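What follows is a short report on a single structure.
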Amino acid sequence: MTATAQRPRLIRQDGREKVTGAGRYTADVVAAGQLHARFRYSDHARARILRIDTSRARELAGVLAIVTHEDVPDVLYGQMVKDRRLFAREEVRFDSDVIAAVAATTPEIAQAAAELIQVDYEPLEAVCDPELALEPGTPLIHERWASYEADETMERDGNVLGRSTIVRGDATAAMAGADVVVSSRYEADGAHGVPIEPRAVLAQWQGDRVTIWSSTQTPFAARSGVALTLGIPESHVRIIVPLLGGGFGSKCDFHFEAHVAALARKAGRPVRLVFSRREEFVAPDHRRESIAIELQTGARRDGTLVARRARLVLDAGAYCGEGGFFAQLAAMHAIGPYVIENVDIDSRLVYTNNQPSGSIRAPTAPQTCWAVEQHMDELAAALELDPVELRRRTLIEEGSESPTRQVFGPVGIRHTLERAAQMIGYGQPLPENEAIGVACGWWPSFGMPSGAYVKLNGDGTATIVTGAQENGSGAVMGLPLIAAQVLGMRPEDFSILCQDTDAGPYDSGSSGSQTTFNNGRAVAEAAGEVAQRLRELAAEQLEIDPLDLELAGGEVRVKGSPDRSVAISELAAADAEILGKGSGAVPEQPACSPDSGCLGRLGMESFLEPQLITHAVHVRVDPETGVVRVLRVAAAHDSGTIINPIGANGQVHGGVVMGIGQALTEGMALDGHGHQRNPHLLDYKLQTAADAPRIEIAWIETPAVNGGPNGSKGVGEPPSVPTPGAIANAIARATGRRVHRLPMTPERVWEAGR
Amino acid sequence: MKVEAILRINGVAVPVEIEPHWSLLRAVRDAVGLTGAKEGCDDSECGACMMLLDGEPVNSCSYLALQAQDREITTVEGLAAPGELSDLQSSFLEHGAVQCGFCTPGMLISATALLRRTQDPSEEEVRIALAGNLCRCTGYGAIVDAVLATAAGRAADSVP
Ligand code: FES
Ligand code: FES
């Protein structure tokens, strides 16, 4: 492998409590006297609410509180468009809109009471097909959409929640002049994040302040959501995240914390909500969006991409949630890491009466990449070029200009291509029904504000106090590596205090693969302040200029004569307040100058320090049954410098296997009326240990110029981006037929081959 | 109506009051107070709730607590003495087999049972033995490696 193999292998600090069963997740936390919460969900995907009668439910013994829209301020929330209430008031817009919440002494009583709540509806025809939702005459999902408070640049219009276009040059003329033009249409079903921990929330009031334990990936967003919807100051809300049992995006944003807090306030007792697996599937406003993708690309004989036209329709579901930026992100993925001379991309995010979409690990990317990379292979076939050769000729490199005229710095995408092809043995003869497929993809880094403190303890150890959130990936657990390097201490010398909004400074949470990238810089800066103070103190003792001192081996010592030194523990014991704080300057978004036809610019028209990926997979297809088996995966990634190899490798292994699931088995089966038919793990199938292949990883470490500590980028989301596309290309090579719908289930593979 | 029962967990007899319909998982978590075993689905689909019953792995979410009376129950908390780690637990940490950790208790129970049955499992045998335990974080590779390394370590130790 690469030099990363020599870097320290960090044993994560939360590991011991996790392997002994001592660690507490939110559903393990108990408050004395706590009640159990259950929700009454909407019974329809779209209906007007005529009456809500809670009287019979209230009479049930053991029920202490029932909350509806009447018990909370009438406030709309949502990140880029405020379009949702905590509790539905006049209308329900998807089948798990919350109408009421119950707190009772047992979960069974709470459930029985929720069922006793009488709701009268006027059912309305549900709009569940996003392309249909665009047709004139289709009912509006939000009749008052125009009155909502919203980001100005979203290009909203009726059922169109967001629209983004990327236009450069004259795609029509270029297409007409191309040697070869291919057109394709692909459709990706919705999918789920499926953390193995179903979410849980526990709320407890002390006077007018509330403490909420929540399995959230974004505690600060949860805090603002509670404050906004309950009409209380943010400072009265404290969010604590116990161990988090995975998220993959599905636990980003504010969710059910305020519902539970409202119940606890009304009941005068702590209240805990624990989701069932079914609820974890259907109720959050987070699932991977379905997308219909139409692509047309024109090329010259030598492979030069002269034009791309793309039309994308994304299912936003019933509410904006935090996914308002999806149209633009999908538009960028419809281009991909390629040089294309003229483009005309139109991407629309559309309201329907389906479950709301929200960020799931690299939102919009795996599906769009799956379509674009199949399309590239189709183009290669039309040009009679090998698919790897076509990519070799068209991928971006340092100095390439994007369709929005961003000029790229060093990018290792071509290296990832060559490396993945080499690792998988591209071109080798294979048995019948087996084939290798390749796909390339990209994902931006997100520069965001983030803070941390580093506090030196009297015994010479230190504590990192951070607002960052550990979702399981190990990103926060890896922060000591960064601080240790700055301070010349060992990673084991650091403890971590995190996941408490009253303790650490702001951070945007475990989203956008941003923890190392942003909080890493904050920790490095905080540690730098401590190092500075230590040098000053040691300089006094050693009577030398601080500039002549270095920190190493737990000491501050004179450069060049290491025996003149003071132990850090000695300095720490003598000074009670050695504290560093850092926020790290947020890297600027790279300059770009999109043509005037570009609409819906939300800041993603250029990609900050893109992470670049090639996956090559070897599959076997059973032509009788359509069953696809992934035999091997070679994953080559340029995520800049790798700081914590064990953590980074873990992200690739997990992300690739998630990508295999999305490729082959994981899809929401919708009934066309807004209900999911497979909200359980028996029919929504994750990959198991017996299904998952061996995965080989190569890190192409092109140091990021404008990036995280030591030239790092993020690593968490990209691994799931190109896997489905690579599998699709392998299937097409093995069978001679393309599968145009994701997931590529045995039935769909078999049908395509008929 | 709650009934009284005695559950033998990790070598200790614990009197409990439980509803007759409670699963073993619920009894152990809510009545005994051992929360190491997790509920991921309550439907025998994820394996996060696994415990050993007389040495055999079961999904405790789908097993009635009352049926577990008179049987030896082992949860993740009982895999090593307090303050210690079993070789398997250490191996999980060394191999990066733990990310969010929610599947870990069940994985450790499954793997413990496997290594009792088979001293020298092949990779294929490990993968099949763990197929009832879903993990969303690790892609399984590190977990499989951790189990194989534990088996190899035991084999090396038993050489005279
Ligand atoms: S909780 Fe028992 S198998 Fe999932
Ligand atoms: S470590 Fe998270 S589910 Fe396995």
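Note that the coordinates shown come from a computational prediction; the quantities given were computed from them, not determined experimentally. The basis for the numbers below is simple: all heavy atoms, side chains too, and nothing from hydrogens, waters or symmetry mates. Here is how names work: the chains are called A, B, and so on, in the same order as the sequence lines, proteins then strands, and each is numbered from 1.
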What part of [X] is in contact with chain B, defined as an atom under 4.5 angstrom from a non-hydrogen atom: side chain, backbone, both or neither?
| X | answer |
| --- | --- |
| A:Phe248 | side chain |
| A:Val19 | both |
| A:Leu243 | neither |
| A:Ala27 | both |
| A:Arg24 | side chain |
| A:Asn471 | backbone |

Close side-chain approach of [X] to [Y], heavy-atom, < 4.5 Å:
| X | Y | result |
| --- | --- | --- |
| B:Leu134 | A:Thr688 | yes |
| B:Gln99 | A:His653 | no |
| A:Lys18 | B:Leu93 | no |
| A:Glu108 | B:Glu19 | no |
| A:Leu681 | B:Cys46 | yes |

Pick from B:Glu124, B:Glu84, B:His95, B:Glu94 with the largest number of heavy-atom pairs that fall under 4.5 Å of chain A: B:Glu94
For the candidates B:Ser90, B:Cys41, B:Gly33, which exhibits the highest count of non-hydrogen atom pairs separated by less than 4.5 Å from chain A? B:Cys41
First locate atom [atom1] of [X], then atom [atom2] of [Y], and finally report the distance between them rounded to the nearest 0.5 Å.
| X | Y | atom1 | atom2 | answer |
| --- | --- | --- | --- | --- |
| B:Gln89 | A:Thr20 | CD | OG1 | 7.0 Å |
| B:Asp42 | A:Arg277 | CG | CZ | 11.0 Å |
| B:Asn133 | A:Ile196 | CG | CD1 | 10.0 Å |
| B:Glu45 | A:Leu682 | CD | CG | 5.0 Å |
| B:Cys103 | A:Glu197 | SG | CD | 12.0 Å |
| B:Cys137 | A:Gln651 | SG | CD | 8.0 Å |

Just give me the residue among [options] that pairs up with chain B most often, heavy atom to heavy atom, under 4.5 Å.
| options | answer |
| --- | --- |
| A:Leu244, A:Val657, A:Val194 | A:Val194 |
| A:Gly655, A:Pro195, A:Gly193, A:Pro693 | A:Gly193 |
| A:Arg694, A:Met658, A:Gln687 | A:Arg694 |

Indicate the atoms forming the closest heavy-atom contact of [X] with [Y], along with that distance.
| X | Y | result |
| --- | --- | --- |
| B:Gly40 | A:Pro198 | O-CG, 3.8 Å |
| B:Gly139 | A:Ala692 | O-CB, 3.9 Å |
| A:Gly245 | B:Cys100 | C-SG, 3.4 Å |

Given 3.5 Å as the limit, does a donor-acceptor pair link the side chain of B:Arg136 with the main chain of A:Gly654, or not? no
Would you indicate whether [X], at its atom [atom1], is surrounded by more than 12 heavy atoms from other residues, nucleotides or ligands within a distance under 6.0 Å?
| X | atom1 | answer |
| --- | --- | --- |
| B:Asp54 | CG | yes |
| B:Arg71 | CZ | yes |
| B:Gln67 | CD | yes |

[X] versus chain A, heavy atoms under 4.5 Å apart: side chain, backbone, both or neither?
| X | value |
| --- | --- |
| B:Val144 | side chain |
| B:Tyr140 | side chain |
| B:Thr104 | side chain |

Considering only heavy atoms, give the residues of residues 7-18 of chain B separated from chain A by less than 4.5 Å, sorted numerically, with 'none' for an empty result.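 Interface residues of residues 7-18 of chain B: none, nothing closer than 4.5 Å to chain A.
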